[in-house]
Amino acid sequence: MNKNLKGFMLLMVLAMFALVAAACGNEGEAGSGSGSGVDVGIVLPTKDEPRWVQDEQRFKDALADSDYSTEILFSQGSSAKEKENVEALLNKGIKVLIITPHDGAAAAAAVEAAKADDVTVIAYDRLITDTDAVDYYVTFDSLAVGAAQAQYLVDNAEGTDVPLYLYAGASSDNNAFLFFQGAWEVLQPKIADGTFKIANSSEAEALSDTKELDRDQLSKIIGQVTTNWDPNESKNKAQTHLTSVGEDLKGDVAILAPNDGTARSIADVFASDSAVTNYTITGQDAEKASIQYIIDEKQSMTVFKDVRTLVEDAMGMAVDVLDGNDPETTGSYDNGAGEVKAKQTDVIVVDEENVKAELIDSGYYEASEFTGIE
Ligand code: BGC
């Protein structure tokens with residue numbers, strides 16, 4: 001084969017790959033509606049965590065018979081990709097953007113671009129900070145999530161000096177602050193009265209007399225015990241912690257894990273240490289894998305955030321905007337640049353006792369998706 005022909009064929013093969021890749025890239029599309037434009041753009045942070053795949057599925061279910069067209073794109077843990085996604089949706093003429101930022105501060109630039117195009121911006125689950133380009137915020141009660149996790153540890157602590165291992169979410173996520181703050185307000189009095197003994201954070205120990213932490217104080221603790229929402233980082237941190245503590249910080253322990261993905265990794269590490277005789281560990285999101293862990297008694301609890309409600313609220317707001325109505329809100333959140341009107345949803349604590357009633361009997365999951373549930 002001559003060189004030119006070879007080059008041409010290579011180009012053809014590359015072009016075919018590009019076509020296939022473009023077709024696969026559209027798999028996030030959902031909804032109906034007519035015309036070539038898109039009415040509502042939805043940008044979610046990553047497909048690598050089941051939590052956000054759950055949201056995608058619930059959006060698709062909710063949109064099945066919507067009159068408006070929608071498209072869902074994932075940012076794969078990158079603020080640059082997120083900005084590209086927003087721009088791609090703006091080019092398709094969206095009128096409403098529903099977005100969960102990967103990084104709450106970095107996303108300001110993306111939503112400012114949307115605002116400049118007269119698009120209504122709805123922050124979904126995670127707040128976008130330090131910009132006035134956010135119109136609405138739909139969220140769960142994140143302080144209540146942290147408080148519920150902490151209360152579970154308090155209710156299950158026996159005796160005094162129970163070793164307490166603290167873990168937090170990513171500092172780039174405003175929710176990580178709310179979860180930790182909510183938890184700390186419940187845990188702090190129980191640290192002060194000797195029920196718990198902090199095992200893995202000198203920063204938390206230094207603040208153990210302070211119930212209400214400001215943002216800087218929270219930052220110090222979170223900076224030390226962050227998981228970055230990453231199961232691998234959680235596992236490495238937990239291993240380091242268990243390697244560096246003495247026997248007095250093992251035995252029957254309490255672990256504040258911020259969500260299900262990190263909880264499963266941390267639980268596996270604690271379960272494999274023979275000096276840990278028992279552990280109580282928290283979580284949130286009611287991910288399927290964690291529901292199985294709860295049934296198998298490997299994770300103690302999760303906070304169930306019914307994504308169907310959040311999707312309904314976000315889409316309800318979007319439709320109100322498209323129909324020219326004012327969306328209903330229930331309160332507001334300060335994002336650093338001002339108050340953002342918000343709609344907030346309650347959460348439910350789930351453990352072995354009520355897992356069937358809350359998640360199976362309610363129709364959220366099918367019993368057949370798990371083993372060991374009657
Ligand atoms: C969400 C959690 C999630 C975490 C990691 C938070 O902003 O509220 O549900 O587990 O991000 O993705």
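Order of appearance sets the numbers: ligands from 1, and atoms from 1 within every ligand. These numbers were taken from a predicted model, which means no experiment stands behind them.
For the pair Arg58 and Tyr364, the cation-pi test (distance below 6.0 Å, angle within 45°) is passed.
Nearest protein heavy-atom contact of atom 11 (O) of ligand 1 is Arg126 NH2, 2.9 Å. For atom 5 (C) of ligand 1, the nearest non-hydrogen atom of the protein is Glu49 OE1, 3.1 Å. For atom 3 (C) of ligand 1, the nearest non-hydrogen atom of the protein is Asp285 OD2, 3.6 Å. The nearest heavy-atom contact from the protein to atom 6 (C) of ligand 1 is Asp173 OD2, 3.3 Å.
With a heavy-atom cut-off of 4.0 Å, Asp125 touches ligand 1 through its side chain alone. By the criterion of a heavy-atom distance under 4.0 Å, the side chain of Phe179, and not its backbone, is placed next to ligand 1.
Heavy-atom proximity to Lys305, at under 4.0 Å, picks out these atoms of ligand 1: 1 (C), 2 (C), 8 (O), 9 (O).
Of the charged side-chain nitrogens involved, none lies within less than 4.0 Å of a carboxylate oxygen, so that Asp135 and Lys341 do not count as a salt-bridged pair. The pair Arg51-Glu287 does not meet the salt-bridge criterion, since no charged nitrogen lies less than 4.0 angstrom from a carboxylate oxygen. No salt bridge links Asp103 with Arg126; every basic N to acidic carboxylate O contact stays at or beyond 4.0 Å. At a threshold of 4.0 Å, the pair Asp268-Lys235 does not count as salt-bridged, since none of the basic side-chain nitrogens sits closer than that to a carboxylate oxygen. The existence of a salt bridge linking Glu56 and Lys60 is confirmed by a sub-4.0 Å separation between a basic side-chain nitrogen and an acidic carboxylate oxygen.
No heavy atom of Phe140 sits closer than 4.0 Å to any atom of ligand 1.
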